[in-house]
Chemist: 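Sharing a structure here in structure tokens format.
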Amino acid sequence: MAATSFSIFSLLFALLSGGATDLLDLVPSDGYWKAKNVVAVTVDQLVTEITPQAGANIADLIKALGSGNPAERDGAASKIRAMGPAAVPALEKAADDPDPEVANRVRGLSEQIKLNSKAAGVRKLMAIRTLGEMKKPEALPALRALVNSKEMFVADYATRAIAQIEGKPLPARGAPAAQLKADLTLLPAKCGVVGQFSFASTKPISIEQVAKQVPVMPGEDRRQSLEMLTGHVIAIADQIGNVRIEGVTFGVADDVGPNGGFAAVIVRGQWDA
């Protein structure tokens with residue numbers, strides 16, 4: 001077990017140093033769909049995954065949240081939850097309902113649906129990325145419809161997928177230089193050593209490529225280690241969504257000793273808090 005754990009740690013470090021900026025960069029597309037029990041991945045299926053759903057008409061259900069009948073209220077809430085993310089726009093519009101009971105229930109349902117939709121958001125990003133890797137021109141209309149999306153990471157993933165299909169260079173990721181410079185001002189005074197790393201990758205190396213660079217530990221099954229790593233990362237992503245690391249700034253005190261000193265680390269990135 002120790003050998004496998006060390007190997008997984010080495011893979012994660014190598015992936016980050018090799019150009020991975022997103023948590024989802026650690027997940028190979030085929031490994032993701034296998035974990036989700038999708039046997040045959042097709043363009044039509046993936047386009048369906050990324051096509052925005054029409055906003056749900058739930059005015060009557062929202063009104064029922066203020067009913068004096070508990071069964072009617074619970075039934076309406078259950079139906080709204082079943083609609084998933086498609087119900088969120090209507091719920092957000094009703095968050096200031098004059099009826100405080102309705103407003104409170106609407107806000108609670110909206111937050112609950114958003115929390116439960118992390119896995120759905122990850123699945124959408126993986127579908128977009130997979131379409132880019134498949135390089136099928138018939139996916140372009142669906143991808144172009146997402147380039148102005150306000151959903152976190154969606155526009156970026158769609159733009160990169162389009163570039164892959166059209167054979168163009170992938171746009172670089174990373175925080176602007178001005179933002180990284182501003183992070184230096186957050187370090188405490190009396191730093192003797194200051195350093196900064198910027199993760200402005202274009203195309204991260206695959207997990208299989210990294211695996212070839214990491215020595216196999218005695219008694220380790222490399223394929224099993226890769227599947228275990230993939231499963232762990234998917235489980236984390238489904239809980240918290242995608243996470244992007246864009247830069248790391250650190251400082252170490254100029255008087256570090258056995259009884260004093262400090263180290264400070266500032267990480268710049270993007271995630272859905």
Side-chain angles (χ1 to χ4, degrees), residues 8 11-12 15 18-54 82-86 116-149 151-171 173 201-212 221-244 271-272:
I8 289 175
L11 283 169
L12 284 169
L15 279 165
T21 62
D22 286 18
L23 177 63
L24 294 183
D25 286 343
L26 307 179
V27 181
S29 297
D30 56 349
Y32 176 83
W33 296 114
K34 180 180 179 182
K36 296 301 180 181
N37 299 314
V38 178
V39 179
V41 180
T42 66
V43 172
D44 288 343
Q45 174 239 323
L46 294 175
V47 167
T48 300
E49 297 269 3
I50 70 172
T51 301
Q53 299 178 357
M83 293 178 180
N116 294 337
S117 67
K118 294 287 189 184
V122 167
R123 187 178 178 107
K124 184 173 184 177
L125 293 177
M126 290 302 298
I128 294 170
R129 195 181 85 185
T130 305
L131 285 170
E133 294 168 353
M134 294 173 74
K135 299 183 179 180
K136 299 291 187 180
E138 54 265 38
L140 286 172
L143 291 169
R144 287 182 177 133
L146 300 175
V147 295
N148 294 315
S149 173
E151 294 180 68
M152 186 165 283
F153 304 113
V154 169
D156 172 64
Y157 272 58
T159 300
R160 292 168 69 86
I162 291 170
Q164 282 182 288
I165 295 172
E166 295 180 339
K168 297 178 180 179
L170 294 179
R173 290 173 175 165
S201 72
T202 53
K203 184 179 181 181
I205 58 178
S206 70
I207 201 169
E208 287 81 7
Q209 289 174 299
V210 173
K212 295 177 181 178
D221 183 327
R222 174 50 53 85
R223 180 50 53 185
Q224 185 179 25
S225 295
L226 290 173
E227 290 180 354
M228 184 184 301
L229 172 61
T230 299
H232 286 327
V233 176
I234 291 174
I236 293 171
D238 281 349
Q239 290 293 318
I240 67 174
N242 188 37
V243 177
R244 177 170 296 170
W271 65 90
D272 184 356

Chemist: Could you tell me whether a side-chain N or O of Arg129 sits under 3.5 Å from a main-chain N or O of Leu24, the two making a donor and an acceptor?
Modeler: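 A pair under 3.5 Å: yes.
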Chemist: Before accepting this row, confirm whether a basic side-chain N of the pair Lys124/Glu49 lies closer than 4.0 Å to the acidic partner's carboxylate O.
Modeler: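 So Lys124 does not pair with Glu49 through a salt bridge.
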Chemist: Show the nearest heavy-atom pair for residues Gly31 and Ile234, with the distance to one decimal.
Modeler: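 Residues Gly31 and Ile234, closest heavy atoms: O-CD1, 4.3 Å.
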Chemist: Is there a donor-acceptor pair closer than 3.5 Å between any side-chain N or O of Thr42 and the backbone N or O of Gln45?
Modeler: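 Checking the backbone N and O of Gln45 against the side chain of Thr42, a donor-acceptor pair under 3.5 Å is found.
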Chemist: Between Arg244 and Phe153, does a side chain to side chain contact (heavy atoms under 4.5 Å, CB included) hold up when you go through it step by step?
Modeler: CA-CA 9 Å; Arg244 177 170 296 170; Phe153 304 113; 3.6 Å; yes
Chemist: I need the minimum non-hydrogen distance between Ala158 and Leu146, along with the two atoms involved.
Modeler: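 In this case the closest contact between Ala158 and Leu146 is CB-CB, 3.8 Å.
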Chemist: To check you understand the geometry: which heavy-atom pair defines the closest contact between Ala155 and Val147, and what is its length?
Modeler: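 So the two residues come closest at CB-O, 3.3 Å.
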Chemist: Provide the closest heavy-atom pair for Ser29 versus Glu133 in the form atom of the first, atom of the second, distance.
Modeler: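 Distance-wise, the nearest heavy atoms are OG-OE1, 2.6 Å.
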Chemist: For the salt bridge (Lys or Arg N to Asp or Glu O under 4.0 Å) test, which of Lys135, Arg160, Arg144, Lys136 pairs with Glu166?
Modeler: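 Looking at Lys135, Arg160, Arg144, Lys136, the match for Glu166 under the salt bridge (Lys or Arg N to Asp or Glu O under 4.0 Å) is Arg144.
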Chemist: Where the side chain of Asp22 meets the backbone of Asp25, is there a donor-acceptor pair that is under 3.5 Å apart?
Modeler: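 Checked: no pair found.
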Chemist: Start with the C-alpha distance between Asn242 and Met152, add both sets of side-chain angles, then the distance that settles side chain to side chain contact (heavy atoms under 4.5 Å, CB included), and finish with yes or no.
Modeler: CA-CA 9 Å; Asn242 188 37; Met152 186 165 283; over 6 Å; no
Chemist: Evaluate salt bridge (Lys or Arg N to Asp or Glu O under 4.0 Å) for Lys118 paired with Asp238, printing each intermediate quantity in order.
Modeler: CA-CA 6 Å; Lys118 294 287 189 184; Asp238 281 349; over 6 Å; no
Chemist: Of the non-hydrogen atoms in Val47 and Ala142, which two are nearest, and what is the gap between them?
Modeler: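 Reported closest heavy-atom pair: CG1-CB, 3.8 Å.
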Chemist: Testing Thr159, Leu46, Ile165 one by one against Leu143 for a side-chain contact (heavy atoms from CB on, under 4.5 Å), which residue passes?
Modeler: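 Among Thr159, Leu46, Ile165, the one that satisfies the side-chain contact (heavy atoms from CB on, under 4.5 Å) with Leu143 is Ile165.
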Chemist: For Ala163 and Pro171, work out which heavy atoms get closest and say how close.
Modeler: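 Closest heavy-atom pair between Ala163 and Pro171: CB-CD, 4.4 Å.
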Chemist: Could you please spell out the steps behind the side chain to side chain contact (heavy atoms under 4.5 Å, CB included) verdict for Thr130 and Trp33?
Modeler: CA-CA 10 Å; Thr130 305; Trp33 296 114; 3.0 Å; yes
